[in-house]
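In what follows, every chain begins at residue 1, and chains take the letters A, B, ... in the order their sequences are listed.
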Amino acid sequence: MRASQLYAPTLRETPAEAEVISHQLMLRAGFIRKAAGGIYNYLPLAWRVLKKIEKIVREEMDAKGGQELLMPIVLPAEMWQETGRWDVYGDEMFRLKDRHGRDFCLGPTHEEMITTLIRDEVRSYRQLPLMLYQIQNKFRDEIRPRFGLMRGREFIMKDLYSFDRDEAGLNESYNKMYDAYSRVFTRCGLTFRPVEADPGAIGGKGSHEFMVIAESGEAAIVYCGGCDYAANVEKAELHPIEAPAEAPQPMALKDTPGTKTIAAVAEFLGLPADKTVKTLAYMTDKGLVFALVRGDHDVNEIKVQNAVGAIFLQMADEAALAAAGTAPGFMGPIGVKDVTVVADATVMKLHNTVVGANQADKHYVNVNPGRDFKPAVVADIRLIREGDPCPRCGEPVKAARGIEVGQVFKLYTKYSKALNATYLDESGKEQTIVMGTYGIGISRTMAAAIEQNNDANGIIWPAAIAPFQAAVIPVNNADQGQRELAEKMYAELVAAGVETVLDDRDERAGVKFKDADLIGYPLKVTVGAKAVTENKVEVKTRRSGEVHFFPAEEAVSGIKDLLAQL
RNA sequence: CGGGGCGUGGCUCAGCUUGGUAGAGCACCUGGCUUGGGACCAGGGGGUCGCAGGUUCAAAUCCUGCCGCUCCGACCA
């Protein structure tokens with residue numbers, strides 16, 4: 001490709017709208033342009049990168065027996081109504097009507113479509129297992145699209161669906177995908193970590209997320225230095241903590257004026273925060289829920305949601321609290337009606353603790369959980385923090401941030417049951433197909449790669465996904481010798497199968513170097529005066545800045561060697 | 001959905017307080033000069049100042065409404 005023909009409009013200045021580095025660099029380097037909030041055009045350089053990522057993904061999916069197909073973007077409402085997700089998805093779903101008033105949506109994911117697609121055709125155990133996938137644009141009307149390609153409203157995703165006879169088959173498919181995902185992200189040159197995850201709205205049980213480790217990541221994860229445990233904080237388990245034994249005291253109501261926070265109550269009573277109980281109120285589709293954790297702990301809302309089986313959960317407002325007959329700042333589990341009390345397992349270990357009395361300026365003291373109140377649910381609902389013990393080995397966990405580039409789920413029969421996808425086993429008995437779903441954010445992976453590979457001058461592409469491998473730069477276009485040698489190097493590299501850009505633009509050397517660094521070609525091949533007079537072609541590695549000189553006739557093999565090392 | 005900020009040429013921004021014929025740098029076009037890290041000189045093209053109302057002799061500037069972008073929040077009572 002000749003740079004004079006390449007449509008890659010670079011910007012000297014960073015557009016004001018971009019906050020994270022990947023977004024800034026993709027705009028500046030001429031990879032993307034915005035069409036609307038969270039919706040982007042992929043220009044030729046970006047498209048080349050995306051196709052490389054897709055190619056790696058296809059190879060790894062195919063290697064595990066996946067078969068590629070393509071489903072529609074526009075999906076009819078009926079199948080979503082059958083599984084209930086037409087309502088569950090809420091405002092995040094792009095909806096539209098055709099001229100007859102029939103409801104459709106732009107596919108946010110395709111479990112419903114794939115399941116209805118195969119249910120009429122797959123009738124026998126002989127047709128299983130089956131793995132089908134597509135690479136397709138997905139649509140989610142995010143509350144707040146941000147960070148460029150990292151959280152867009154339209155994005156490119158690979159989604160694979162596995163269909164098995166039973167749980168054993170599902171586990172096998174799941175393990176294959178887990179392995180394939182590890183291979184994909186390794187080949188893309190990313191530093192990543194699979195972590196245990198909460199399946200969330202997709203449903204099912206058993207899930208891992210593949211996290212690209214980056215400061216700008218939206219997800220918080222913990223991992224153990226002592227063993228290989230790693231999890232999203234939403235999921236990370238915690239064992240209950242024992243409290244030192246104490247003789248139970250009689251419960252008493254005590255005036256605690258103005259103590260609306262744990263810190264204030266603890267100070268007023270002269271107790272450490274870990275001898276108190278914190279109560280948070282949530283409105284859910286299952287009614288009002290009180291979540292109890294030890295005073296110095298935090299609530300994990302996902303765990304609360306799972307503990308009560310709620311689809312919807314948010315902090316209760318003052319009106320809801322008033323209706324429930326309690327007082328903000330002084331809430332507690334004792335004497336409340338029509339409230340589901342969920343206690344963290346650690347709370348149940350406390351002796352002579354403190355809870356709000358559900359009236360202003362009063363707390364109960366010397367409360368003994370189990371004796372003085374009995375929660376409807378006791379579960380692990382605590383949010384893990386750095387330094388908490390690993391649930392597997394007890395070593396303190398470390399915290400990190402990650403960009404979720406892939407997630408694998410064991411769905412079991414959630415969708416196959418709702419959509420009636422069954423097969424006949426050997427004995428002629430009807431069985432429900434067991435499913436898994438496996439996604440990779442292709443466009444997000446591109447952004448994540450930039451988040452992890454950049455410097456002050458621009459992008460540093462891992463060679464496997466770089467839009468081009470090398471840029472040939474004649475320093476002085478006016479010099480015929482340089483121009484001709486650069487043309488020759490370019491022709492030879494292309495003939496040798498090296499994806500190369502020849503910067504034939506009538507620009508000064510500085511401009512060409514700056515653009516090459518910004519775009520992030522792994523190698524710069526500089527043809528200057530020395531190349532012509534001393535037969536020394538300069539090859540500079542983008543990442544390390546390392547410089548090699550080759551005689552022109554050896555340059556191509558030298559470049560191929562360098563690329564092989566990247 | 002709540003709160004803040006911002007919408008002026010392709011990009012970054014000034015001008016708005018105090019109304020009076022729309023600016024700079026970069027980018028772009030022409031010519032010259034230059035050629036190893038975003039040169040220089042001269043000339044030139046390009047803007048319904050987000051949209052719609054209103055106030056005024058006169059609105060980018062003041063007022064009202066709307067739209068868009070962006071940041072924070074929508075978790076620890």
Side-chain angles (χ1 to χ4, degrees), chain A residues 9-20 23-24 27-30 33-39 90-91 143-148 220 233-234 258-265 273 276-283 290-305 313-318 320-322 324 326-332 344 356 358 360-361 363 381-383 385 456-458 473-480 482-483 486 503 505-519 524-532 536 538 540 545 547:
Chain A
T10 56
L11 267 23
R12 287 199 191 198
E13 287 171 281
T14 303
E17 69 189 47
E19 199 203 355
V20 296
H23 189 196
Q24 294 176 351
L27 287 168
R28 280 194 58 205
R33 287 292 184 265
K34 184 171 68 180
I39 300 176
D91 291 336
I143 296 181
R144 195 176 151 201
R146 59 181 134 178
F147 304 150
V233 294
E234 292 178 349
T259 56
K260 296 186 92 172
T261 64
I262 289 296
V265 178
T276 68
V277 170
K278 178 156 54 181
T279 302
L280 288 322
Y282 296 96
M283 296 185 289
F290 276 12
L292 273 49
V293 291
R294 204 172 76 183
D296 59 322
H297 287 164
D298 296 318
V299 168
N300 181 328
E301 293 184 356
I302 306 281
K303 289 182 181 175
V304 174
Q305 206 167 344
L313 176 144
Q314 79 172 63
M315 291 299 275
D317 56 28
E318 303 244 344
L321 296 184
T326 186
F330 300 91
M331 295 186 300
D344 184 60
N358 295 313
D361 300 329
H363 281 80
I381 58 165
R382 179 182 152 206
L383 185 68
R385 284 195 289 237
N457 291 318
I473 299 175
V475 168
N476 184 347
N477 259 8
D479 183 304
Q480 195 185 352
Q482 288 182 28
R483 224 171 46 223
D503 200 338
R505 295 176 302 169
D506 190 16
E507 292 285 357
R508 296 166 67 84
V511 172
K512 296 192 250 191
F513 289 141
K514 285 289 184 190
D515 272 351
D517 287 349
L518 182 59
I519 290 167
K524 282 196 297 286
V525 181
T526 305
V527 179
K530 263 190 202 165
V532 178
K536 280 165 98 176
E538 175 187 317
K540 191 167 188 176
V547 178

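- Within 4.0 Å (heavy atoms only), A:Arg33 reaches no atom of the nucleic acid at all.
- Between the C1' atoms of B:C41 and B:A59, the separation comes to 39 Å (whole Å).
- In terms of the side chain to side chain donor-acceptor pair (under 3.5 Å) criterion, A:Glu538 has no residue partners (sequence neighbours excluded).
- With both ends at atom P, the span from B:G32 to B:A52 equals 45 Å, rounded to whole Å.
- Rounded to whole Å, atom C1' of B:C29 lies 17 Å from atom CZ of A:Arg505.
- Following rounding to the nearest Å, A:Gln314 (CD) and B:C76 (P) show an atom-to-atom distance of 12 Å.
- Looking at which nucleotide of RNA chain B each of A:Gly37 and A:Ala281 is closest to, the 5′-most match is held by A:Gly37.
- A distance of 3.5 Å separates OG1 in A:Thr10 from CG in A:Asp515, rounded to the nearest 0.5 Å.
- Taking atom C1' in both B:A74 and B:C11, one finds a spacing of 34 Å when rounded to whole Å.
- Rounded to whole Å, the C1' atom of B:C71 lies 37 Å from the corresponding atom of B:A58.
- Under the Watson-Crick and G-U wobble criteria, each requiring two contacts below 3.5 Å, nucleotide B:G36 is left unpaired.
- Checking B:G2 for Watson-Crick or G-U wobble geometry (two distances, each under 3.5 Å) identifies B:C72 as its partner.
- Separating the C1' atom of B:G10 from that of B:C66 is a span of 27 Å, rounded to the nearest Å.
- At the phosphate of B:A27, OP1 or OP2 sits under 4.0 Å from a side-chain N or O atom of A:Arg12.
- With P as the reference atom, B:G19 and B:C63 are 12 Å apart, rounded to whole Å.
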Please list, pair by pair, any protein nitrogen or oxygen found under 3.5 Å from a nitrogen or oxygen in nucleotides 34-37 of chain B.
unit_1	atom_1	unit_2	atom_2	d
B:U34	O2	A:Arg508	NH1	2.9
B:U35	O2'	A:Asn476	ND2	2.9
B:G36	N1	A:Glu538	OE1	2.9
B:G36	N2	A:Glu538	OE1	2.8
B:G36	N2	A:Glu538	OE2	2.8
B:G37	O6	A:Lys540	NZ	3.3
B:G37	N1	A:Asp517	OD2	2.9
B:G37	N2	A:Phe513	O	3.4
B:G37	N2	A:Asp517	OD2	2.3

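- B:U12 and B:A24 make up a base pair, with Watson-Crick or G-U wobble contacts both under 3.5 Å.
- Straight-line distance from the CZ atom of A:Arg146 to the C1' atom of B:A74: 11 Å, rounded to whole Å.
- Partners of A:Lys540 according to the salt bridge (charged side-chain N to carboxylate O under 4.0 Å, His left out) rule, which considers only residues two or more places apart in sequence or in another chain, do not exist here.
- By the ring pair (Phe, Tyr, Trp, His ring centres under 6.0 Å) test, A:His297 pairs with no residue at all, sequence neighbours left out.
- Nucleotide B:C62 is matched to B:G54 when pairs are restricted to Watson-Crick or G-U wobble geometry with both distances under 3.5 angstrom.
- Although no hydrogens or angles enter the test, the distance criterion places no donor-acceptor pair under 3.5 Å between the side chain of A:Lys278 and the main chain of A:Asp298.
- Between A:Leu280 atom CG and B:C75 atom C1' the separation is 8 Å, expressed in whole Å.
- The ring pair (Phe, Tyr, Trp, His ring centres under 6.0 Å) check on A:Phe513 picks up nothing, with sequence neighbours excluded.
- Judged by Watson-Crick or G-U wobble contacts below 3.5 Å, the nucleotide B:G7 has B:C67 as its partner.
- B:C51 and B:G68 have their C1' atoms separated by 10 Å, given to the nearest Å.
- Straight-line distance from the CD atom of A:Glu234 to the C1' atom of B:C75: 12 Å, rounded to whole Å.
- Panel note: side chain A:Glu507, backbone A:Lys512; no donor-acceptor pair is recorded below 3.5 Å.
- What separates NE2 of A:His297 from P of B:C75 is a distance of 22 Å, to the nearest Å.
- In this structure, A:Leu321 reaches the bases: a heavy-atom distance under 4.0 Å links it to at least one base atom across the strands shown.
- Annotation: the span from A:Asp344 atom CG to A:Arg294 atom CZ amounts to 9.0 Å, rounded to 0.5 Å.
- Rounded to the nearest Å, the gap between the C1' atom of B:G15 and that of B:G25 is 15 Å.
- Atom CD in A:Glu19 sits roughly 16 Å away from atom P in B:C69 (whole-Å rounding).
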Sub-3.5 Å pairs of nitrogen or oxygen atoms, protein against nucleotides 3-13 of chain B:
unit_1	atom_1	unit_2	atom_2	d
B:U12	OP1	A:Ala16	N	2.9
B:U12	O2'	A:Glu13	OE2	3.3

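- Classification of A:Lys524 and A:Asp517 as a salt-bridged pair holds, one side-chain N sitting under 4.0 Å from a carboxylate O.
- Here the side chain of A:Asp361 pairs a donor or acceptor atom with the backbone of A:Gly258 at under 3.5 angstrom.
- What separates CD1 of A:Ile39 from C1' of B:C69 is a distance of 14 Å, to the nearest Å.
- Judged by distance alone, with hydrogens and angles left aside, the side-chain atoms of A:Lys303 form a donor-acceptor pair with the main-chain N or O of A:Arg382 at under 3.5 Å.
- When each of A:Thr259 and A:Lys512 is assigned the nucleotide of RNA chain B with its nearest heavy atom, A:Lys512 is the one assigned upstream, toward the 5' end.
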